[in-house]
Amino acid sequence: MGQTALVSASQPTVAHEALVADLAAALAPDRVRTGAVELDLYGRDASVLRGSAAVACFPLDTDEVAAAVRIARRHGRPFVARGSGTGLAGGAVPVGDPVVIVTTKMDRILEVDVDERVAWVQPGVVNLDLTRALARHGLHFAPDPSSQQACTIGGNVANNSGGPHCLAYGVTSAHVLAVEVVLPDGEVTVLGGLDPEPPGLDLRGAFVGSEGTLGIATRIAVRLTPDPPAVATLLLDFPTVEAAAETVSGIIADGLLPAALEMMDQPITRAAEEFAHAGYPTDAAAVLLVELDGLPAGLADAVERVGRIGRSHGARTVRVAADDAERALLWKGRKAAFGAVARVAPNYYLHDTVVPRTRLVEVLREVYAIAERHGLAVMNVFHAGDGNLHPLLLFDARTPGVMDRVHAAGEEIVRVSIAAGGVLSGEHGIGLEKRDLMPLLFSPVDLDAQARLREAFDPDGVANPTKVLPAGSRCGDLQSVPEGVWV
Amino acid sequence: MHLGVDDDELATCVSCGLCLPHCPTYRVTGEEALSPRGRVAAMRQVQWEGRPADPSFVRSLATCVQCRGCETACPSGVPFGRLIEPARAALAAGPAPPPWPLRVGLGLLPRHRLLLAASSLLAVAQRLRLLPRGAARRLGLPDRLPVRRPRLRPSGTGEDPTRDVWLFTGCVMDAWMRDVHRDVQRVVEAAGGRVALPGPGAACCGALALHAGLEDDARALAHRTMAALPGEAPILVDSAGCGAALRDYGRLLGTPEAAAFAARVRDVHEWLADRVDRLAAAAGSRGDRAGRPRVAVQDPCHLRHVQRAHGAVRVVLAPFADLVELDDEGLCCGAGGAYAVVEPELAGAVRDRKLAAIARSGAPVVASANPGCALHLAAAGVDVVHPCQVVARALAGAGPVSTPPAAARS
Amino acid sequence: MTDPVAAFAAEVGPPEAGAVVAVGGRTEWDVGGPLDPDVEVREVRAPAGIVAVEAADMTVRVRAGTTVDELAAALAEVGQAVALPSRPGATVGGVLAVGRSDVRRLGWGPVRDAVLQVRYVSADGTVVAAGGPTVKNVSGFDLCRLMVGSLGTLGLLAEVVLRTRPAPAASRWVAGEVDPAALLRRLHRPSAVLWDGTTTWALLEGHPADVEDQARLAGLPDAPGPPPLPPHRWSVRPAEVYRLAAAGGLGAFVAEVGVGVVHASVPPPPRAVDPAVVRLHERTKALFDPTNRLAPGRSPLAGTRLAAAEGGG
């Protein structure tokens, strides 16, 4: 019901049957799916958008991905790569009845080099599985999006995923050394390298975050980060949202670089507490979850400074997790916060904008005002240290006309963020959701430059078409408005 | 088609996907249709959008182990068990009835004498090598069925009125693993409980019928079981699957009597956890550190995700064993009642993950509080015991656990 | 007063205005090969000046013609620093166009990760913006990383927003004759570990007490600073450094341990590049600079060879 959708289910035709037969011959018959109910599942991701796939297939290795791409092209179909489908911007929602290439069966960690701190993985490896597999070496994969228990590394590469700990450690792009990709013409090559300065342009950097529009990653060399020698996790609670936001600015301005700096307002704190029982103060107007790491002296100093800055802005209590179990519990509530919202309302719309950290207070104030004007409840849980806002608009999709209000409020939030010097998305990406808002941030000339990069990789526009760039971004662009998809 | 699923409950899923890694069938296939989120979306298509229940839909629902690991993982609180049960019932009544061998097997469970006789017959056949091991495993049978079973007697003698707890004995477990019941009874007695045993009416809780979508059969069995366990005394259950089913009678039958009955049901470890000091005292020096067995704890889904009583198992075991935790976050072993029989390939793949976790743990013995899990793992060569057997051996001064019970020996 | 970036764009002019090359401090002028001698190439200079030090946001907006040293001095006033290599006269735009990281890359990360937003003058002579001023951003394609290391062949950097970091409270070089790999394993995130085949240097930065501890852990005395770096630059897998050193093909060298950059007296052999990657370069160049007016003759792939030639000698 949350899906404001419609489906243009592909009709079984001779051409379609030939496509399916070719895929079955190249992969295996039981890894090519056309059942109507199953196929519809590959028309969605974790967003409220819905499209339709012509066929879904499950390759096991690079050669099979390349074969699937070539077959799609031969049959005049676009293709869309998909991992776990936890994306929130519709990046993996198929438009134009493409071949959906699902990478979840490509889930092997191929090689771990502990000395060089690098691992080659297949794109379907789950983010948290990789970190777990590395634990005995004292290493981890730093990007840790809230969906890390479910999302794949391939999806992380496509979206240049972040997560709480990218404040200090950087987003996915900083942790990907090389990517083996199947290019839109079906050729296989490697972008980047395991050496620090591979020759040529940084095409690896261009590929990471391109949302599946430049090709499909089939093997990924990720940088492994040593576990910190010591970690402190703090929970600070505040009587006002402003006090919490000012503390965030205060921490950054004081020259501290926490490993993570997360903020939750009262409604989301309550919802998360109900699920996780982390001991979050449900009477606080806002809480900050601060993680610091490093060597002992610097860490102790930072803990002391964060506590002092918090108290100077009116923090009521500063709780320092006593052990790993308490740390895990504090994080459990934060990581499950989005899902826990369903305990409050049947549907939510999660936004993702970034503003300069110095503008957090005013933008947050605006967010609350916008929600109120549209008669919507709003909750805020976000990566405050990055200025990465995640306002959640709550609603019941069965209420007539509510989606219009939700979308209107969402667009206003984006506009307010950009007016404050911010950007459209911090980590969810553009996908379909924000594609048509791109002109708010970029001029036609800017968009044209981005479209040129895409054209260099995919002159025919067959890789995840209609995503990221609005129609008409490139001069003479004939990219059509997608049919069968409602935003 | 209408699946009989509550629309509001069906609406609770927000499609975040956090359930995916906690679903055993998604874990081994990576297929959305074999994930909780996919199954919910599939149910919505059929119930809300009128899409036909095509083979891909039937497969999606039929492959669910019903471990309910997704429920504990779901931040939105989607009551997945309450969605899948009526949907499976609708399929069983309509396009996808359970296969006849399963129905015959399920029909046998509540007919306890017949079950015991058939079991003994099969045991003899095994001894005479008339029943190949492969065939036995396909039927979900242990490799070595007991020919004779120890006799269970209520605590004390005669018509002693002071028996204060029931021990639910059930169907398959009583036939194949009665020695577990015997050990459980010893442990409960050592903790100060006086055990009453139900009559033949309590021969089957109905869980397997319910899983197969045979709701009416399950209700009839529930009525019979309640009648066989009268009074106010707590009903202790040493099979996690049965315990979960008995605790759900209130919802299944929808009567106050059933709700009151369900409230009396406790997993035996929960009851023992409150009395663990007494147990430790009873074991005396025999519970010493030296010679304690190293035991990996396998959490049956119906204990961990449904009854959420897996903590109690650890409390009960802690004084008697060095516990080793598996690193797979309690993912299902693939047994799932009759699942291993109906979906052997998936069940095997799911079990392989569990076996790998057990191997990583390095523990020689696995404690499981559910007969289905025990059989499924034992069939792959794992030494499995019931947690209460570890305690019983410590009480008896038998030292480390090194031999699995007859039923679970491979 | 007109916007200096717009003025720079006007100076570059439309394609009819002919070939141009952006000049910074000429500290790494040879990278990417010589300009096409048959084409008249006009030299242009990006505007200079620090637009805004956003100390509380830990970012800085700076014009590409500003020297790295001037930027570093301005940031030092607010207790911050930026991960760009410093060479006398080197400009921000020049350093980014070349894309080579500082010897502190091990601790500070590569230069490309410091760039949040770029404004560059395209081959059309218009100002293009990419990225955004915030520390986190996935809005659209990452042209910032494409520009870093592109040697001014795709666009001319005019103004950038960089991410800054707190300047370390203590910073100390230590050196001695120890096994560099073992030292790297023992220390927690040193900012640099250098090795010349005999002596190992480490740059320790952070809280004074931690630096003290790490120095003790390293068991090495203080050193005045890093050694002088030989002129040629190799890029190899970090573990490859030891094999190369043993083989003796580097001449005199200083290796960035854990990174894989080796400064050597012997130039590196040409590197093999996959034909598909070459084609992507050609298409990118053709789309960004259709008339080949931006630094003609220069190429990010200079000094490489086609991988297909492998085996053929």
Side-chain angles (χ1 to χ4, degrees), chain A residues 115-116 159-160 162 170-171 173-174 183 187 189-190 194-203 205-206 208-210 229 249 252-253 255 257 295-298 301 354-358 386-388 421-427 429-430 438 441-442 445-446 449-450 452-457 468, chain C residues 54-58 79-80 99-101 105 109-110 112-113 122 126 128-130 132-143 145-146 148-150 165-166 188-189 206-207 209-210 213-214 235-239 259-261 271 273-274 276-277 280-281 283-284 287-288 300-301 303-304:
Chain A
D115 287 333
E116 289 205 4
N159 288 289
N160 195 11
V171 291
S173 184
L183 294 167
E187 268 202 88
T189 192
V190 175
L194 300 189
D195 62 305
E197 294 172 354
L201 297 167
D202 185 11
L203 298 178
V208 175
S210 61
S249 299
I252 302 297
L257 189 59
L295 292 163
D301 178 55
V354 193
V355 299
R357 296 172 278 203
T358 43
D386 291 323
N388 190 179
V423 296
L424 280 172
S425 174
E427 51 190 16
I430 300 301
M438 284 284 274
L441 190 61
F442 295 110
V445 174
D446 301 341
Q450 296 189 27
R452 285 172 200 243
L453 169 64
R454 181 182 195 156
E455 193 177 324
F457 277 78
V468 186
Chain C
E54 302 284 354
D57 205 34
M58 301 204 70
Q80 296 179 11
R100 292 177 169 178
S101 302
R105 175 172 173 158
R112 63 180 186 233
D113 288 349
S122 72
T126 53
V128 178
T134 56
V135 292
K136 198 174 180 189
N137 178 19
V138 291
S139 312
F141 291 90
D142 195 345
L143 296 183
R145 283 192 168 77
L146 192 68
V148 174
S150 67
R165 303 183 15 151
H188 173 66
R189 303 185 75 173
H207 191 277
D210 289 332
D213 274 356
Q214 292 275 295
S235 172
V236 300
R237 288 186 63 155
V259 172
V261 170
R271 306 203 40 196
V273 179
D274 187 73
V277 170
L280 285 173
H281 276 76
R283 288 210 292 258
T284 305
L287 284 157
F288 278 76
L301 287 175
T304 63

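Proteins come first, then strands; the chains are lettered A, B, ... in the order of their sequence lines, and each starts at number 1.
By the 4.5 Å heavy-atom criterion applied to side chains, A:D195 and C:R271 are counted as neighbours. Using a 4.5 Å cut-off on side-chain heavy atoms (C-beta onward), C:S150 and A:D202 make no contact. No side-chain heavy atom of A:V171 sits under 4.5 Å from any side-chain heavy atom of C:V138. Contact check for C:D213 versus A:L295: no side-chain heavy atoms found under the 4.5 Å cut-off. Put simply, the side chain of C:L143 reaches to within 4.5 Å of the side chain of A:L453, judged on heavy atoms. The shortest distance between side-chain heavy atoms of A:L203 and C:L146 falls below 4.5 Å. Looking at heavy atoms from C-beta onward, A:P196 lies in side-chain contact with C:R105 at the 4.5 angstrom threshold.
The residue among A:A174, A:G255, A:G200, A:P296 with the most heavy atom pairs within less than 4.5 Å of chain C is A:G200. Contacts with chain A were tallied for C:Q214, C:H207, C:R165; C:H207 has the most, counting heavy-atom pairs under 4.5 Å. In terms of non-hydrogen atom pairs under 4.5 Å with chain C, the most contact-rich of A:G162, A:A253, A:P199 is A:P199. Each of C:V148, C:V128, C:V273, C:T126 has some count of heavy-atom pairs under 4.5 Å with chain A, and the biggest count is that of C:V128. Across A:M438, A:E197, A:E455, A:R452, the residue that shares the most heavy-atom pairs under 4.5 angstrom with chain C is A:E197. In terms of non-hydrogen atom pairs under 4.5 Å with chain A, the most contact-rich of C:S101, C:G140, C:G109, C:G206 is C:G140. Between chain C and the options A:L201, A:L183, A:L194, the largest number of non-hydrogen pairs under 4.5 Å is found for A:L201. Considering only heavy-atom pairs separated by less than 4.5 Å from chain A, the leading option among C:L280, C:D274, C:D142, C:L301 is C:L280.
Using a 4.5 Å cut-off between heavy atoms, C:E54 does not touch chain A at all. Both the backbone and the side chain of C:D57 come within contact range of chain A, with heavy atoms under 4.5 Å apart. Only the side chain of A:V468 comes within contact range of chain C, judged by heavy atoms closer than 4.5 Å. Both the backbone and the side chain of A:F457 come within contact range of chain C, with heavy atoms under 4.5 Å apart. Only the side chain of C:R112 comes within contact range of chain A, with heavy atoms under 4.5 Å apart. For chain A, the nearby part of C:T304 is the side chain; its heavy atoms alone come within less than 4.5 Å. In this structure, the portion of A:D115 lying under 4.5 Å from any heavy atom of chain C is its side chain and not its backbone. For a residue to count as touching a neighbouring chain, one of its non-hydrogen atoms must lie under 4.5 Å from one of that chain's; by this rule A:E187 touches chain C with the side chain only. For a residue to count as touching a neighbouring chain, one of its non-hydrogen atoms must lie under 4.5 Å from one of that chain's; by this rule C:V277 touches chain A with backbone and side chain alike. For a residue to count as touching a neighbouring chain, one of its non-hydrogen atoms must lie under 4.5 Å from one of that chain's; by this rule C:A130 touches chain A with the backbone only. Contact annotation for C:P110: neither backbone nor side-chain heavy atoms come within less than 4.5 Å of a heavy atom of chain A.
Rounding to the nearest 0.5 Å gives a distance of 3.5 Å between CD of A:E427 and NZ of C:K136. Remark: A:N160 CG to C:F141 CZ distance equals 12.5 Å, nearest 0.5 Å. Between the CG atom in C:D210 and the CG atom in A:D301 there is a gap of 9.0 Å [rounded to 0.5 Å]. For the atom pair CG (A:N388) and OG1 (C:T134), the distance works out to 8.0 Å, reported to the nearest 0.5 Å.
For the pair A:L441 and C:S139, the tightest heavy-atom approach, listed with the atom from each and the gap, is CD2-CB, 3.7 Å. Taking each heavy atom of A:V423 and C:G132 in turn, the nearest pair found is CG1-CA, 3.8 Å. The heavy-atom pair separating A:T358 from C:A56 by the smallest distance is CG2-CB, 3.4 Å. The shortest heavy-atom contact between A:G205 and C:R145 is CA-CD, 3.8 Å.
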